[in-house]
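Read the structure below first, then the notes.
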Amino acid sequence: MIHSPSLWGLVPLIIFIVLILRKSNPIAAISAAIIVGAVMSGSGLMEVAKVIGKNGLTDFIAYIGLVILAGGGLGKIAEKTGVARNIVYFIMNKVGINTPNKAMISTMIASSLLAALLGTLAGANAIVAPVLIPVVAAAGLSSSVVAILFHGAAAAGVLIGPFTPPVVTLMELTGLTYPQVLLYAGLPVAVIIWLCTFGYSKIILKKSLIEHPYPEEDLSGFNQKESEMEPKQKKITTQATVAFSVTLIASIIYGIMIKGGSTYTIGIILLTAIITGLAGRMSPNQIADTFVEGAKPLLWIFIQFVLFTPFIYFTEKMGGFEALKNLLLPYVENGGQATMVILSTIVNIAGIPGAAVAHSILMHKMFIPTVTDLHVPMSVWVLALLVGSQMPFFLYPTGDALGAMGLARSKDLKNVIIFGVFVTIIVVLFIVIRVLFL
């Protein structure tokens with residue numbers, strides 16, 4: 001049995017990291033870490049069950065898992081009612097895609113907007129891809145460039161959405177409001193990612209058109225052009241789109257006015273899903289079935305998040321994070337706040353590319369004692385949390401990057417990796433410059 005505080009308490013964390021890097025199933029990896037933590041801390045089976053049932057299901061990260069499930073449900077309703085496609089067509093018509101630059105800008109706007117509204121990268125790009133690819137391919141974009149645009153733009157969109165999992169998590173951990181999280185962290189990083197995405201795409205466009213052009217079949221048209229839609233169905237889709245937009249915007253404004261906080265998110269999603277479904281002429285049963293259909297593929301994330309709290313519990317019981325703080329504090333005390341923020345950010349970027357929400361909470365648990373001791377402002381710590389948890393998805397070719405490639409029908413992994421490293425370097429330089437002004 002390990003006595004607190006002890007660096008041995010970090011063994012479950014190390015096991016979890018090793019298993020994830022070996023591409024184990026996340027649920028299997030976290031379950032193994034829980035078992036090791038329970039054995040090392042001298043906890044019995046009943047304590048494990050109690051922590052999972054009592055703490056795991058009631059902790060905030062389980063709520064985030066529920067938000068992710070609900071976001072998947074809303075996304076499916078937006079897809080079935082035609083709302084998502086309508087939003088993409090609106091952007092296409094407003095921008096006017098007749099040059100490579102306009103094609104890149106329209107793709108980024110569509111991907112970012114849907115990712116911000118739906119809270120999911122893959123879901124947003126899955127909706128955007130079949131509509132945009134024939135148009136942007138005809139405008140002169142390669143599959144390599146579209147993969148970069150999907151990856152970067154959707155990642156940026158998730159950082160600015162009012163009820164995306166990373167934003168809601170940062171609000172809860174730091175106690176900041178949505179506008180504050182947006183101002184101090186989400187928007188600055190999103191802008192950097194947008195600029196890097198557009199700039200890198202411009203750099204590789206000419207060469208990638210030779211090496212990775214779209215084939216002729218991808219230039220042949222849409223799956224279903226807007227003009228081919230029946231007038232009655234087009235009217236219903238338009239009404240559903242208006243209902244979706246008005247409900248979402250009004251709910252967000254109202255939430256900010258009453259300071260609804262992170263727990264207000266689930267209400268926004270459910271209300272928007274119901275009103276959008278009804279406006280799209282779906283019956284209550286169809287709304288419920290479609291909502292569950294969209295949430296079902298994300299169930300594994302919810303289970304992982306429920307198990308995450310017990311995983312943290314046994315690490316804390318052995319004093320792993322406290323021992324880590326005691327080890328690091330002498331090194332950062334002389335450098336002060338700036339050294340602390342930079343060190344913690346780099347440690348987490350170089351860490352595991354796991355679920356961003358779990359990564360944020362783990363990073364917060366590990367370093368918040370030192371953050372508190374050094375009086376690091378939450379306006380800066382929220383930036384460190386965001387960068388530390390999001391950049392691994394750029395630094396490593398994870399599911400998000402590979403998913404963007406697949407949806408863009410690209411096989412150019414080399415440029416995706418180089419782009420990810422490029423973005424990571426620029427964002428880290430930004431946070432270094434930011435903390436120098438502490």
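Bear in mind the structure is a predicted one, so any value in this text is a computation, not a measurement.
Taking 4.5 Å as the limit, every side-chain heavy atom of Glu211 sits out of range of all side-chain heavy atoms of Asp412. A 4.5 Å side-chain heavy-atom check between Met378 and Val371 finds at least one atom pair inside the cut-off. Looking at Leu173 and Ser360, their side chains come closer than 4.5 Å, going by heavy atoms from C-beta outward. Put simply, the side chain of Ser410 reaches to within 4.5 Å of the side chain of Ser144, judged on heavy atoms. Taking 4.5 Å as the limit, every side-chain heavy atom of Pro188 sits out of range of all side-chain heavy atoms of Leu383. Side-chain contact between Trp300 and Gln304 is present, with at least one heavy-atom pair separated by less than 4.5 Å.
Residue Leu307 holds its CG atom at 12.0 Å from CD1 of Ile312, rounded to the nearest 0.5 Å. In this structure, CD1 in Ile418 is found 10.0 Å from CG in Leu413, a value given to the nearest 0.5 Å. Note that the CD1 atom of Ile30 and the CG atom of Leu19 stand 11.0 Å from one another [nearest 0.5 Å]. The CZ atom of Phe311 lies 5.0 Å from the OG1 atom of Thr315; values are rounded to the nearest 0.5 Å. Rounding to the nearest 0.5 angstrom, the gap separating the CG atom in Leu271 from the OH atom in Tyr254 is 11.5 Å. Taking OG of Ser106 as the reference point, atom CG of Leu149 lies at 9.0 Å (rounded to 0.5 Å).
Ring to ring, Phe419 and Phe422 are not that close: their centroids are 6.0 angstrom or more apart. Annotation: Phe393 is not in aromatic contact with His151 [ring centroid separation under 6.0 Å not met].
Ser379 approaches Arg434 most closely through the heavy-atom pair OG-NH2, 4.3 Å. The two atoms that bring Ala243 and Ala279 nearest to each other are CB-CB, 3.6 Å, heavy atoms only. Across all their heavy atoms, Thr237 and Gly82 have their closest contact at CG2-O, 3.4 Å. Heavy-atom minimum distance, Gly277 versus Thr81: CA-CG2, 4.4 Å. The nearest pair of heavy atoms linking Gly161 to Tyr178 is O-CE1, 3.7 Å. For Met282 against Ile287, the heavy-atom pair with the smallest separation is CB-CG1, 3.8 Å.
Looking only at distances, a side-chain donor or acceptor of Asn125 sits under 3.5 Å from a matching main-chain atom of Phe150. The closest donor-acceptor contact from the side chain of Gln286 to the backbone of Ser283 lies under 3.5 Å. Counting only distance, with no hydrogens or angles, the side chain of Gln337 and the backbone of Leu374 share a donor-acceptor pair below 3.5 Å. When atom types are taken as modelled, the side chain of Thr164 and the backbone of Ile160 share no donor-acceptor pair closer than 3.5 angstrom. Counting only distance, with no hydrogens or angles, the side chain of Thr247 and the backbone of Phe244 share no donor-acceptor pair below 3.5 Å. Using modelled atom types, one side-chain atom of Ser389 and one backbone atom of Leu386 make a donor-acceptor pair closer than 3.5 Å. Judged by distance alone, the side chain of Ser111 and the main-chain N or O of Thr107 form no donor-acceptor pair under 3.5 Å. Listed for the Ser344 side chain is a donor-acceptor partner under 3.5 Å among the backbone atoms of Val341. At least one donor-acceptor pair closer than 3.5 Å links the side chain of Gln180 to the backbone N or O of Thr177. At distances below 3.5 Å, at least one donor-acceptor pair connects side-chain atoms of Ser143 with backbone N or O atoms of His212.
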Decide yes or no on side-chain contact (heavy atoms from CB on, under 4.5 Å) for Ile193 and Leu159, but give the supporting numbers first. CA-CA 10 Å; Ile193 293 175; Leu159 303 184; 4.0 Å; yes
Could you go step by step and tell me if Tyr184 and Thr174 meet the side-chain contact (heavy atoms from CB on, under 4.5 Å) rule? CA-CA 12 Å; Tyr184 298 135; Thr174 62; over 6 Å; no
Pair Leu270, Ile266 - check side-chain contact (heavy atoms from CB on, under 4.5 Å), show working. CA-CA 6 Å; Leu270 293 176; Ile266 195 72; 4.1 Å; yes
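Remark: of the listed residues Ile204, Ile203, Val423, Leu205, Ile204 is the sole one forming a side chain to side chain contact (heavy atoms under 4.5 Å, CB included) with Ile148. Screening Leu170, Leu176, Leu187 against Leu182 for a side chain to side chain contact (heavy atoms under 4.5 Å, CB included) leaves a single residue, Leu187.
Counting only residues at least two apart or on different chains, the side-chain hydrogen bond (donor to acceptor under 3.5 Å, both in side chains) pairs with a member in residues 191-205 are Asn101-Lys202, Ser112-Trp194, Tyr200-Asn415.
Not counting sequence neighbours, the partners of Leu113 by the side chain to side chain contact (heavy atoms under 4.5 Å, CB included) test are Ile87, Ile91, Leu117.
Ring geometry for His364 versus Trp381: interplanar angle of 30 to 60°, hence tilted.
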